[in-house]
Amino acid sequence: MNAKDQIDILSAGVAEILPAEGLKKKILKAEKRKRPLIVKLGVDPTAPDLHLGHAVPLRKLRQFQDLGHKAVLIIGDFTARVGDPSGRSVTRPALTTDQVKANAKTYTDQAFKILDDDPDKLEIRYNSTWLASLDFARLLELTSRFTVAGLLVRDDFMKRYKAEQMIGLHEFLYPVMQAYDSVEINADVELGGTDQKFNLLAGRQLQEKYELEPQVALTLPLLEGTDGAKKMSKSYDNHIGLTFEAADMFGKVMSIPDEAAGQGRFSMITKYYQLALGSLPDEVASIEAKLESGELHPRDAKSQLSWQIVSTYLGEKAAEDAKADFEARFKVKDKDSALQIADKMKLSKDPRKPDGTAYLPHVLKEAGLVSSSSEGRRVIEQGGLRVDGELEGNLEVRLGDEFLIEIGKRKKKIITLPS
RNA sequence: GGGGGAGUGCCCGAGUGGCCAAUGGGAGCGGGCUGUAAACCCGUCGGCUUAGCCUACGUAGGUUCAAAUCCUGCCUCCCCCA
C-alpha cells in the first residue's frame with residue numbers, strides 16, 4: 001500500500017504524533033529500504049484485569065501489522081516491579097514476581113486475540129531480559145543522559161514535588177528504563193496512551209544519545225467507559241473487561257451512549273468502532289454516513305459493534321449467542337423467550353401455606369431478586385412484577401410448583417418449589 | 001502539649017427538645033417515553049405480611065412526660081497554635 005494511504009490509516013484516531021511529520025518520514029524511509037517498521041508497544045503487567053481501554057493501542061498495533069510492519073510487544077516484567085508513576089499522585093505498590101508473571105500471562109492471552117501472530121510480524125520481548133542484568137556502571141551511564149530538571153518538569157512529578165509528597169528515586173528511573181527498551185529493540189515507532197507521552201519522548205531522547213534514529217511517538221486517546229464521560233477504568237465502574245462473560249460484554253457495549261458530549265450525534269459509536277475495534281477510516285466514515293442519513297439505526301450499529309467485539313475475545317459462537325440473548329432479553333417481550341434466558345433456581349423451603357398461597361415478597365427475597373421483602377412489596381405495588389408473563393399486583397398469591405418471575409426488564413428467574 | 005470544629009440513612013448534606021424514619025441533591029429501584037440507552041416525566045427509596053410495630057442520627061450513659069437535638073464520659077476525623 002502506498003505511503004499516503006498507510007498514513008491515513010495509521011493516524012486515524014490517534015491523539016498525537018510526535019514529531020508531526022515523523023510518521024510520514026519513517027514510512028517513506030521504510031519503503032525505500034524495503035524493510036518494515038519496528039513498532040513498539042510496552043505494557044506493564046500490573047493489573048490482572050484488562051478492559052477494552054487497554055485494547056486501544058493493541059488495535060493500532062494490529063493495523064501496523066496489517067500494513068506489513070513488525071510489532072514488538074514488550075512485556076514490562078521488570079518495570080512492573082517499579083510501577084509507572086504516570087498520572088499517579090502516590091507511589092505505586094511494588095508487585096511480586098508471581099503476580100507479575102500471572103498478569104503477563106493474561107495480558108499475552110488477550111493480546112494474541114487482537115494481534116497477528118505471524119512470527120515475521122510479531123515479537124514478544126520481556127524487558128527483564130536486558131534490564132535485570134544492567135550493572136551499576138551501565139545504569140549511571142544511562143542516567144547521565146537525563147537531567148533531574150528534565151524529569152521534574154513532568155506534571156505528575158511536579159505536582160507531587162510541590163505538594164511535598166515523596167517521589168521514590170526508583171520512580172524517577174521509570175522513564176529511563178522504558179526509554180532503554182526502545183534503544184534495545186531499535187524502535188521506529190512507539191505506541192501508548194496520551195498519559196504515556198512523556199515516557200515515549202524519553203525514548204526518543206535516549207535513542208538520539210545512542211546515535212540511533214529516534215522513534216516516533218504515537219499517542220492514542222483514552223477510551224471513555226460505558227458512561228461515555230470518564231475514561232474507562234475499573235475504579236469508575238464503567239469498564240468492559242476483556243474476560244467478561246459474552247452476554248455481559250455484549251450488553252455493556254450496547255449500553256454505551258451514542259454521543260460523547262458535544263462531539264456529534266453518534267460520536268461515541270464511531271469512536272468505539274475506531275478505537276475499541278480498530279476499524280479502518282473508510283469503514284468508520286461509511287458507518288457514520290449511514291447513521292447520519294438514517295439508513296443505519298444506531299441500535300443496529302451498536303449491535304454489530306458488540307458482536308464484533310465479543311467475537312474477537314470470545315469467538316463467533318459466543319457473539320452469536322450473546323446477541324440472541326440480548327435480543328430475547330430486550331426486544332421481544334413474550335413469555336417464551338423470557339423462559340429461555342431465565343436462570344433456574346430451586347427454593348429450599350416451600351413458602352406456601354396449606355391453602356396453596358404464598359406471600360410473594362418473601363418468595364422474591366428468597367430468590368435473591370430483591371434485598372428485602374419491603375423492596376419486594378414496593379416492586380409489586382408499583383407494577384413491576386410479572387408471574388408467568390402476567391402482571392401481578394397481589395402480595396398473596398396461589399403458586400404452582402414452577403413459575404417464571406420477572407422484575408423490571410432485567411431480572412428473570414424460573415423458580416421451582418420443593419413439592 | 002494548648003485552642004477550635006465536626007461525626008446524620010448507600011454517598012453528599014439539612015435539621016438544634018415534641019409536627020422526625022428525619023428537607024434537599026446524587027446513586028439505586030419500579031413505571032412511562034425510547035433503540036437496550038442517554039435526556040426527560042411520574043413514583044419509590046431503614047426493616048417488618050405495614051391504618052401498626054421495631055430499629056436508627058459516632059459510642060456508652062444521663063436529664064426530660066418527650067432527645068438526632070440538652071448534659072457527661074469515650075472513640076474517630078479535621079483545622080489553628082506550639
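Proteins come first, then strands; the chains are lettered A, B, ... in the order of their sequence lines, and each starts at number 1. Bear in mind that the values here come from a model prediction, so they are computed numbers and not experimental data.
Listed nucleotides: B:U49, B:G30, B:G35. Nearest to the side chain of A:I407: B:G30. Distance from the side chain of A:R299 is smallest to B:G35 among B:U49, B:G35, B:U50. Nearest nucleotide to the side chain of A:Y359, out of B:U49, B:U34, B:G47: B:U49. Counting only heavy atoms from C-beta on, A:E396 has its side chain closest to B:U49 among B:U50, B:U49, B:G35. Out of B:C29, B:C33, B:G47, the shortest distance to the side chain of A:V379 is found at B:C29.
B:C45 and B:A22 are spaced 14 Å apart, taking the C1' atom of each and rounding to whole Å. Separation of the C1' atoms belonging to B:A56 and B:A68 is 10 Å when rounded to the nearest angstrom. Between B:G9 and B:G47, the two C1' atoms lie 13 Å apart (nearest whole Å). When the C1' atom is used for both B:C41 and B:C75, the distance is 47 Å, rounded to whole Å. A distance of about 16 Å separates the P atoms of B:C53 and B:C20, rounded to the whole Å. For the P atoms, the distance linking B:A6 with B:G61 amounts to 25 Å, nearest Å. Comparing the same atom, P, in B:G17 and in B:A67 gives a spacing of 14 Å after rounding to whole Å. Only the C1' atoms considered, B:A38 is 16 Å distant from B:G32, to the nearest whole Å.
Nucleotide B:A6: paired with B:U76 (Watson-Crick or G-U wobble, both distances less than 3.5 Å). When both distances must be under 3.5 Å, the Watson-Crick or G-U wobble mate of B:A39 does not exist. Under the Watson-Crick or G-U wobble criterion, with both distances below 3.5 Å, B:G52 is paired with B:C48. Across all strands shown, B:C57 forms no Watson-Crick or G-U wobble pair with both distances under 3.5 Å. Nucleotide B:A22: unpaired (no Watson-Crick or G-U wobble partner with both distances less than 3.5 Å).
One can place CD1 of A:I380 at 11 Å from C1' of B:U49, the figure rounded to the nearest angstrom. The separation between A:H362 atom NE2 and B:C48 atom P is 7 Å, rounded to whole Å. Regarding A:M254, its CE atom lies at a distance of 13 Å from the C1' atom of B:U34, rounded to whole Å. The separation between A:R378 atom CZ and B:G43 atom C1' is 12 Å, rounded to whole Å. At whole-Å resolution of the value, CG in A:L391 and P in B:G30 are 14 Å apart. Atom CD1 of A:I240 and atom C1' of B:U36 are 14 Å apart (whole Å). Rounded to whole angstrom, the span from the NZ atom of A:K252 across to the P atom of B:U36 amounts to 18 Å. The distance between atom NZ of A:K365 and atom P of B:C48, rounded to the nearest whole Å, is 5 Å.
Judged by distance alone with a 3.5 Å cut-off, no donor-acceptor contact links the side chain of A:D300 to the base of B:G35. Counting atom types as modelled, A:Q382 pairs a side-chain N or O with a base atom of B:G43 as donor and acceptor under 3.5 Å.
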Tell me which donor-acceptor pairs under 3.5 Å the side chains of residues 273-286 of chain A have, and how far apart each pair is, sequence neighbours excluded?
{"unit_1": "A:Y273", "atom_1": "OH", "unit_2": "A:A301", "atom_2": "O", "d": "2.7"}
{"unit_1": "A:Y273", "atom_1": "OH", "unit_2": "A:L305", "atom_2": "N", "d": "3.3"}
{"unit_1": "A:S279", "atom_1": "OG", "unit_2": "A:Y273", "atom_2": "O", "d": "3.3"}

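A donor and an acceptor atom, one from each side chain of A:D116 and A:Q65, are nowhere located under 3.5 Å apart. In the model, A:W307 has a side-chain atom that pairs as donor or acceptor with a side-chain atom of A:E320 under 3.5 Å. Checking A:Q215 against A:S182 by side-chain atom types alone, a donor-acceptor pair falls below 3.5 Å.
Heavy atoms of A:S372 sit under 4.0 angstrom from primed sugar atoms or phosphate atoms, though from no base atom. Counting non-hydrogen atoms under 4.0 angstrom, A:K323 reaches nothing in the nucleic acid. Across all strands, A:E381 comes closer than 4.0 Å to no nucleic acid atom at all (heavy-atom distances).
Comparing A:G383 and A:R377 by the nucleotide of RNA chain B that holds the closest heavy atom to each, the one mapping nearer the 5' end is A:G383. Mapping A:S371 and A:D258 onto RNA chain B by nearest heavy atom places A:D258 closer to the 5' end of the strand.
One finds a side-chain N or O of A:K409 lying less than 4.0 angstrom from the OP1 or OP2 phosphate oxygen of B:A37. Taking side-chain N and O atoms only, A:S373 has a distance below 4.0 Å to OP1 or OP2 of B:C48.
A:K40 pairs in a salt bridge (Lys or Arg N to Asp or Glu O under 4.0 Å) with only one of the listed residues (A:E190, A:E184, A:E123), which is A:E190.
Sorted by first and then second residue, the side chain to side chain donor-acceptor pair (under 3.5 Å) pairs involving residues 362-371 of chain A (not counting sequence neighbours) are A:S371-A:E375.
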Take A:Q110 and A:H54, measure what side-chain hydrogen bond (donor to acceptor under 3.5 Å, both in side chains) needs, and give me the verdict at the end.
CA-CA 10 Å; A:Q110 299 309 319; A:H54 295 113; over 6 Å; no

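Of the inter-residue distances, the one linking A:L291 atom CG with A:D300 atom CG reads 9.5 Å to the nearest 0.5 angstrom.
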